[in-house]
Structure formats: C-alpha cells, structure tokens
Amino acid sequence: MVTRILIADDQEGIRSAFRMILDAQPDMTVVAEASDGRAAIDTARTVEPDVVLADIRMPGADGIEVTRALAGTGIHVVIVTTFGLDEYVHAALHHGAAGFILKRSGPTLLIEAIRAAMNGDMLISPQLTVRLLRRRDLPHESSSVVLTEREDQIVAMVAHGMTNAEIAAELFLSPGTVKNHIASVQNKTSTRNRVAIAAWAWATGRATP
C-alpha cells in the first residue's frame with residue numbers, strides 16, 4: 001500500500017528536497033504540493049492524500065490552522081518545521097497533529113514520522129520530546145512493571161530521545177530487535193507510542209537527567 005503525501009511549505013527548495021526523499025521510498029509517493037497554508041487546505045480536501053507535511057509558518061494559513069482545518073477528515077498532518085517552540089508543539093498536538101518534526105532532524109526521522117502516522121502512532125523529534133518531558137516536572141511514581149535488563153536500557157535511551165537506529169548502534173543490535181523490545185515495553189506498560197514510553201520512564205525514575 002503506497003502512502004500518498006502532500007507537501008506544504010513556502011520554500012520551493014524544501015518541497016523539492018522532500019519530494020526527492022519521499023518519492024525514493026517504495027511505499028510513498030508525493031501527489032501534490034502547496035506553497036501556502038490556504039492552498040494546502042484546499043488541495044488536501046480535493047486530492048485527499050493520506051498525509052500532509054505542513055510547515056508551521058506559511059502565508060495564508062499556518063501549520064496549526066492546516067491541522068485544525070483537516071481534523072476529522074482522516075488525513076494525517078505531520079508538522080515539519082525549523083521552529084520547535086513549545087507553544088507550537090502543544091498547539092499542533094492539541095489540534096490533532098500526527099507528528100512534529102524539526103527539519104534538521106534529517107530524512108530518516110521524516111520517513112519514520114510518516115509511517116508512524118499511518119500506523120496511528122505519533123512521532124516527535126527526540127530533542128523536543130526530552131525537553132517537553134523534563135519541563136513537565138513529572139512527579140516520581142512507583143511502578144510494578146517488571147522489565148528485562150535490556151528493556152530497561154532501551155527505555156532509558158528512548159526517554160533521552162534516541163532513535164531506533166541510534167539505540168541499535170549503541171547496543172550492537174539490529175533495528176528490528178530494538179523495535180521488538182519497544183513493542184514488548186509498550187505491552188507491559190500499556191503505552192501507545194515512544195512519547196508515552198518516555199513520559200512513563202521519566203515519571204517512574206527509570207530515566208534521569
């Protein structure tokens with residue numbers, strides 16, 4: 001099944017770069033582009049892509065407005081931006097964004113974010129996740145969940161914003177093995193995604209600064 005993508009960004013160079021990256025993936029295709037937020041909303045309603053990649057700052061309508069306008073349509077909006085301000089992240093997620101990625105995070109995370117959105121999950125750039133969770137001043141909670149030593153290691157790494165590829169390289173594991181461990185942790189902790197695992201890790205003291 002091929003994921004159909006609309007790229008909304010007011011910089012032509014960014015749109016071209018994203019198109020090149022995404023069209024090279026066997027399970028993705030770019031079906032439309034928009035250079036402003038209003039065009040993104042109108043085009044999305046006409047073309048009905050699976051995912052819209054929206055910049056946070058665009059003429060006509062910003063990424064938050066795009067997210068709000070497309071809420072409930074079945075179209076997943078992933079914010080891809082240079083600006084990782086807390087208020088932007090909170091507003092985007094509040095209005096139903098399926099991810100929030102910094103442009104400097106690189107193509108691998110961009111691709112992962114799209115696939116996560118299609119799986120009903122959510123991906124936020126690791127550096128933003130760690131910052132947001134630390135600023136929440138989460139109270140220390142006790143936990144009766146029993147993890148293996150390897151799962152404990154991986155949970156701490158997830159909480160510090162490491163990607164599956166980075167964890168695999170650090171622990172000399174395959175990315176698939178890391179993914180399986182994370183799935184096991186999600187099952188044991190009743191968490192839906194990496195962000196929830198990270199929040200749980202900080203709240204239970206399994207992750208420390």
Side-chain angles (χ1 to χ4, degrees), residues 1-9 18-19 21-31 44 48-56 63-64 66-67 70-81 84 88-133 151 154-155 157-169 173-201:
M1 184 175 177
V2 176
T3 299
R4 302 168 68 252
I5 302 164
L6 185 158
I7 302 171
D9 196 293
F18 284 177
R19 178 183 281 273
I21 292 166
L22 301 176
D23 279 343
Q25 305 307 308
D27 58 340
M28 298 180 187
T29 183
V30 176
V31 294
E48 297 184 345
D50 299 304
V51 175
V52 172
L53 299 181
D55 192 9
I56 201 77
I64 305 300
V66 172
T67 303
L70 298 179
T73 64
I75 299 171
H76 306 289
V77 179
V78 176
I79 300 295
V80 187
T81 181
Y88 286 161
V89 181
H90 287 300
L93 300 183
H94 174 73
H95 288 294
F100 198 107
I101 304 297
L102 296 178
K103 289 178 180 176
R104 64 176 180 270
S105 296
T108 299
L109 204 66
L110 176 67
I111 293 165
E112 287 184 9
I114 293 170
R115 289 179 178 149
M118 290 299 294
N119 288 329
D121 208 338
M122 178 191 296
L123 191 59
I124 302 174
S125 281
Q127 54 268 58
L128 296 178
T129 303
V130 173
R131 192 183 74 209
L132 289 171
L133 290 174
E151 288 169 348
I154 291 174
V155 163
M157 291 177 173
V158 168
H160 282 87
M162 295 178 68
T163 65
N164 284 6
E166 290 170 336
I167 294 172
L173 301 172
S174 71
T177 298
V178 173
K179 185 176 180 180
N180 289 339
H181 281 304
I182 289 176
S184 175
V185 170
Q186 286 181 252
N187 184 56
K188 290 181 179 180
T189 59
S190 299
T191 50
R192 288 190 63 248
N193 50 48
R194 299 173 70 88
V195 177
I197 288 175
W200 176 82

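Counting from 1, the numbers follow the sequence of the chain as shown. It should be emphasised that the depicted structure is a prediction, and the values quoted were computed from it without experimental measurement.
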For the [atom1] atom of [X] and the [atom2] atom of [Y], what is their distance to the nearest 0.5 Å?
{"X": "L53", "Y": "K103", "atom1": "CG", "atom2": "NZ", "value": "10.5 Å"}
{"X": "I114", "Y": "T3", "atom1": "CD1", "atom2": "OG1", "value": "7.5 Å"}
{"X": "L102", "Y": "L110", "atom1": "CG", "atom2": "CG", "value": "11.5 Å"}
{"X": "Q25", "Y": "I5", "atom1": "CD", "atom2": "CD1", "value": "8.5 Å"}
{"X": "L22", "Y": "M28", "atom1": "CG", "atom2": "CE", "value": "6.5 Å"}
{"X": "I154", "Y": "I182", "atom1": "CD1", "atom2": "CD1", "value": "6.5 Å"}

With sequence neighbours left out, what residues match [X] under side-chain contact (heavy atoms from CB on, under 4.5 Å)?
{"X": "N180", "result": "none"}
{"X": "E151", "result": "L147, T148, H181, S184, V185, K188"}
{"X": "A113", "result": "V78, I101, L123"}

Of all residues at least two apart in sequence or in a different chain, which pass the side chain to side chain donor-acceptor pair (under 3.5 Å) check with [X]?
{"X": "D27", "value": "R115"}
{"X": "D50", "value": "none"}
{"X": "T189", "value": "T191"}
{"X": "T73", "value": "none"}

Partner set under salt bridge (Lys or Arg N to Asp or Glu O under 4.0 Å) for R4, not counting sequence neighbours: none

Determine the minimum heavy-atom distance between [X] and [Y], stating which atoms define it.
{"X": "R19", "Y": "I7", "answer": "N-CD1, 3.6 Å"}
{"X": "L6", "Y": "A44", "answer": "CD1-N, 3.7 Å"}
{"X": "I75", "Y": "P49", "answer": "CG1-O, 3.4 Å"}
{"X": "V2", "Y": "P26", "answer": "CG2-O, 4.2 Å"}
{"X": "A201", "Y": "A159", "answer": "CB-CB, 3.8 Å"}
{"X": "V77", "Y": "A54", "answer": "CG1-CB, 4.2 Å"}

